[in-house]
Visitor: 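Quick one: the structure is below, and I'll ask about it shortly.
Fair warning: this is a prediction, and the values are worked out from it, not measured in the lab. Atoms considered below: every heavy atom in the structure, side chains included; atoms not considered: hydrogens, waters and symmetry mates.
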Amino acid sequence: MNNHLFYLRQLSHLLGKGTETGEALEQITQQTVSWQPVLQHYQQSQDLLASLEQLNDSDMSSFIENLKAGRELGLNDRDLLLHIESSTSSSLQINTIIKARLVRSLGYAALVAGIALIVLAIFYLYVLPVYQTVIYDQMTQSKSLMAHIDALTFNSWRSLYIYLPPVIIIVIFASIAFTPTKALPQSRLLSFIPMMKGLPRHSARVALIHQLNDFYVFLSRDKDTFKQQLNSNFFTSQSRWDFTQLFSAKERETIMALHQLDTFHQESGNLVTQVESDAIESISSQTNILAVIFHIAIIIIVAQIVMSIYQPIFQLGAGF
C-alpha cells in the first residue's frame, strides 16, 4: 500500500513554506524511493503534473486530472497544490458524514437480515433433515405446507421472496461500508437508489464552493468569462453536473452579485456555511427516510420468514 496522497500533501506544505519544487521533491524522495521517478522526470521536463503521473497510481489519477483542469484556467502548479488540499479535505468531511449516516441507517436492517438468513440456514440444514419423513408425509395432505416447504428448499419461485430481500439489504450495506469514503459520491450503487441520488450532488456543491473560495482571486473579473470558468471540470470536479445544475437560480444570482461587487471573500464564509448546512440537513433527511423504508422491508421479510418456518412446525403439531 502506498502513501502517495500523503506525500503529495507534504509537497504542498513544502511549497507553501517557499521551498523550490525541485528541492521539495528531493526531500520527499529521501523519505520514499517510490517518488524517485517523479524527481527524475521533473529534472528533465520541469513539468510537475506530468512528473506526478510517473507514480502510476489510480488514487492519484483523478487528483492530477483536476490539477490539469485548473492549469487550463491559467492557474500555476504551485497555487494549485497550495490550495487544492483544503478543498479536498472539505469534500472528504462531507463524504464522511454521508457514509456515517448511511452505515448507521442501514446497519440495523442489515443485522436483522443477517439473523434472518442464519435462522433460515439452521432450519434448512438441521431441522428439515431431522423431520424430513414426517414433514413430507404431511405435505401430501396440505398444499399450503407444500408451498412453504418448496419455498424454503429452493424448489419454488417463492424462494426469491424469502431469500433475496435479506441478501439485497446485506449487499447494499456491505457495499457502502467497504466503499472508500472519497469514492462514495462516484459509487454506482447510490445512483440506483432513488433517494440517494442527491447525495453525490451535495458533495459536488460543497467541493465547488470551497474551490471557488480558495481560487477566487485567480479568476477573471469579466462576468461571462467567470461563468465559463465556474462550469469548467476544475470546479465541477469532473462530475456530471455543472455550476448551473449544482446551484439554484437564487444561489447563482447571489454568487454573481458578489463577483460584480467584488465582495466575494467577505461573504464566502456565509456561503460555505450555508452550502454545508444544506448538505448535512439533506443527508440527514434522506438517510432517515431510507432507514424507515428498510425497516419496513425488514418487518415484511421477518414476517414472511416466520410464517414459512412456523407453519410447517404448527402443521406437524396438529398431526400428533
Visitor: Using side-chain heavy atoms (C-beta onward) and a distance below 4.5 Å, is L246 in contact with E251?
Guide: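 L246 vs E251: side chains apart.
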Visitor: Whether the side chain of T263 engages the backbone of Q266 through a donor-acceptor N/O pair (distance < 3.5 Å, no angle test) should be reported.
Guide: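 Not at all, since once roles are kept as given, no pair shorter than 3.5 Å links the two residues.
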Visitor: At what distance, to the nearest 0.5 angstrom, does CG of L212 lie from CG of L271?
Guide: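 One finds 8.0 Å between CG of L212 and CG of L271.
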Visitor: When you measure from the centre of the six-membered ring of Y216, is the NZ or CZ of R221 closer than 6.0 Å and no more than 45° off the axis?
Guide: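 Because its charged atom sits under 6.0 Å from the ring centre and within 45° of the axis, R221 does stack over Y216.
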Visitor: When you measure from the side chain of S175 to the backbone N and O of V171, does any donor-acceptor pair fall under 3.5 Å?
Guide: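 Indeed, once roles are kept as given, a pair shorter than 3.5 Å links the two residues.
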Visitor: What do you reckon, are the aromatic ring centroids of F226 and H259 less than 6.0 Å apart?
Guide: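 That pair passes the under 6.0 Å test.
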Visitor: Under 3.5 Å, side chain of K223 to main-chain N/O of M256, donor-acceptor pair present?
Guide: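 Flag not set: sc K223 to bb M256 has no pair under 3.5 Å.
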Visitor: V112 versus I169: any side-chain heavy-atom pair under 4.5 Å?
Guide: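 The answer is no, as the side chains (C-beta and beyond) never meet within the 4.5 Å cut-off.
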Visitor: Measure the CD-CD distance between Q40 and Q44 for me, rounded to the nearest 0.5 Å.
Guide: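 It is 7.0 Å, given to the nearest 0.5 Å.
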Visitor: Find out whether F234 and L67 are in side-chain contact, i.e. whether some heavy atom of one side chain is under 4.5 Å from a heavy atom of the other.
Guide: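 No, every pair of side-chain atoms sits at 4.5 Å or beyond.
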Visitor: Would L80 and V217 show up in the same hydrophobic cluster when neighbours are defined by side-chain heavy atoms closer than 4.5 Å?
Guide: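 In one cluster with L80: V217, yes.
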Visitor: Hey, any chance L120 and L125 share a hydrophobic cluster, counting ILVMFWY side chains that come within less than 4.5 Å of each other, even indirectly?
Guide: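 Looking at the clustering, L125 is in the same group as L120.
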Visitor: In Å, rounded to the nearest 0.5 Å, how long is the span from CG of L39 to OG of S51?
Guide: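 If we round to the nearest 0.5 Å, L39:CG and S51:OG are 8.5 Å apart.
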Visitor: Could you give me the CA-CA distance, side-chain angles and deciding distance for L8 and I28, then say whether side chain to side chain contact (heavy atoms under 4.5 Å, CB included) is met?
Guide: CA-CA 9 Å; L8 185 63; I28 291 176; over 6 Å; no
Visitor: Determine whether K227 and R252 satisfy the following criterion, side chain to side chain contact (heavy atoms under 4.5 Å, CB included), listing intermediate values before the conclusion.
Guide: CA-CA 10 Å; K227 284 184 178 180; R252 297 196 303 271; over 6 Å; no
Visitor: If we ignore angles and hydrogens, is there a donor and acceptor under 3.5 Å between the side chains of H41 and Q46?
Guide: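 No - no donor-acceptor pair under 3.5 Å links their side chains.
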Visitor: Could you tell me whether the side chain of F247 reaches within less than 4.5 Å of the side chain of V275, counting heavy atoms only?
Guide: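 In short, these two side chains touch, coming nearer than 4.5 Å.
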Visitor: Please answer: with hydrophobic residues joined when any side-chain heavy atoms are less than 4.5 Å apart, are F6 and V33 in the same cluster?
Guide: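 Unlinked, F6 and V33 end up in two clusters.
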Visitor: Could you give the distance from CG (L230) to CG (L208), rounded to the nearest 0.5 Å?
Guide: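 The CG atom of L208 is 6.5 Å from CG of L230, to the nearest 0.5 Å.
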Visitor: Less than 4.5 Å apart, side chain to side chain, heavy atoms only: is that true for I209 and I255?
Guide: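 A side-chain contact under 4.5 Å exists here.
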Visitor: Is the shortest side-chain heavy-atom distance between Q10 and Q27 below 4.5 Å?
Guide: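 Heavy-atom side-chain distance check fails, nothing below 4.5 Å.
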Visitor: State which residues pass salt bridge (Lys or Arg N to Asp or Glu O under 4.0 Å) with D278; sequence neighbours excluded, sorted by chain then number.
Guide: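 With sequence neighbours excluded, D278 shows a salt bridge (Lys or Arg N to Asp or Glu O under 4.0 Å) to R205, given in chain and number order.
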Visitor: Please lay out, stage by stage, how T225 and L219 fare under the test side chain to side chain contact (heavy atoms under 4.5 Å, CB included).
Guide: CA-CA 9 Å; T225 305; L219 301 181; over 6 Å; no
Visitor: Who passes side-chain hydrogen bond (donor to acceptor under 3.5 Å, both in side chains) against S277, sequence neighbours left out?
Guide: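 Listed in chain order: nothing, the list is empty.
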Visitor: Do the side chain of T32 and the main chain of T29 share a donor and acceptor less than 3.5 angstrom apart?
Guide: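 Not a single qualifying donor-acceptor pair exists.
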Visitor: What is the minimum heavy-atom distance between L55 and S34, and which atoms define it?
Guide: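 Of all heavy-atom pairs spanning L55 and S34, the closest is CD2-O, 3.5 Å.
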Visitor: Begin from the C-alpha positions of L73 and F215 and carry the test side chain to side chain contact (heavy atoms under 4.5 Å, CB included) through to its verdict.
Guide: CA-CA 11 Å; L73 293 179; F215 292 97; over 6 Å; no
Visitor: Salt bridge or not between R71 and D79? Use side-chain N to carboxylate O under 4.0 Å.
Guide: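 D79 and R71: not salt-bridged.
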Visitor: I170 versus L117: any side-chain heavy-atom pair under 4.5 Å?
Guide: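 The answer is yes; the side chains approach within 4.5 Å.
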Visitor: If you count every heavy atom of other residues, nucleotides or ligands that lies below 6.0 Å from E20 atom CD, does the total exceed 12?
Guide: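 No, not enclosed.
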Visitor: Check whether the side chains of N270 and E267 place a donor and an acceptor atom closer than 3.5 Å, and report yes or no.
Guide: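 Side chains of N270 and E267: pair found under 3.5 Å.
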Visitor: Backbone N or O of F243 within a donor-acceptor pair of the N231 side chain at under 3.5 Å?
Guide: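 Side chain of N231 to backbone of F243, a donor-acceptor pair under 3.5 Å: yes, one is there.
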Visitor: Calculate, to the nearest 0.5 Å, the distance between atoms CG and CD belonging to L258 and E253 respectively.
Guide: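 Output value for this atom pair is 10.5 Å.
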Visitor: Looking at Q229 and S220, would you say the former's side chain and the latter's main chain have a donor-acceptor pair under 3.5 Å?
Guide: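 Answer holds: yes.
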Visitor: Do you know the tightest heavy-atom contact between W35 and L11?
Guide: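 Minimum heavy-atom separation between W35 and L11: CZ3-CD2, 4.2 Å.
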Visitor: Is the shortest heavy-atom distance from the side chain of Y42 to the side chain of D47 under 4.5 Å?
Guide: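 The answer is no; the side chains never approach within 4.5 Å.
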Visitor: Hey, could you give me the OG1/CD distance between T19 and E26, rounded to the nearest 0.5 Å?
Guide: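 It comes to 11.0 Å.
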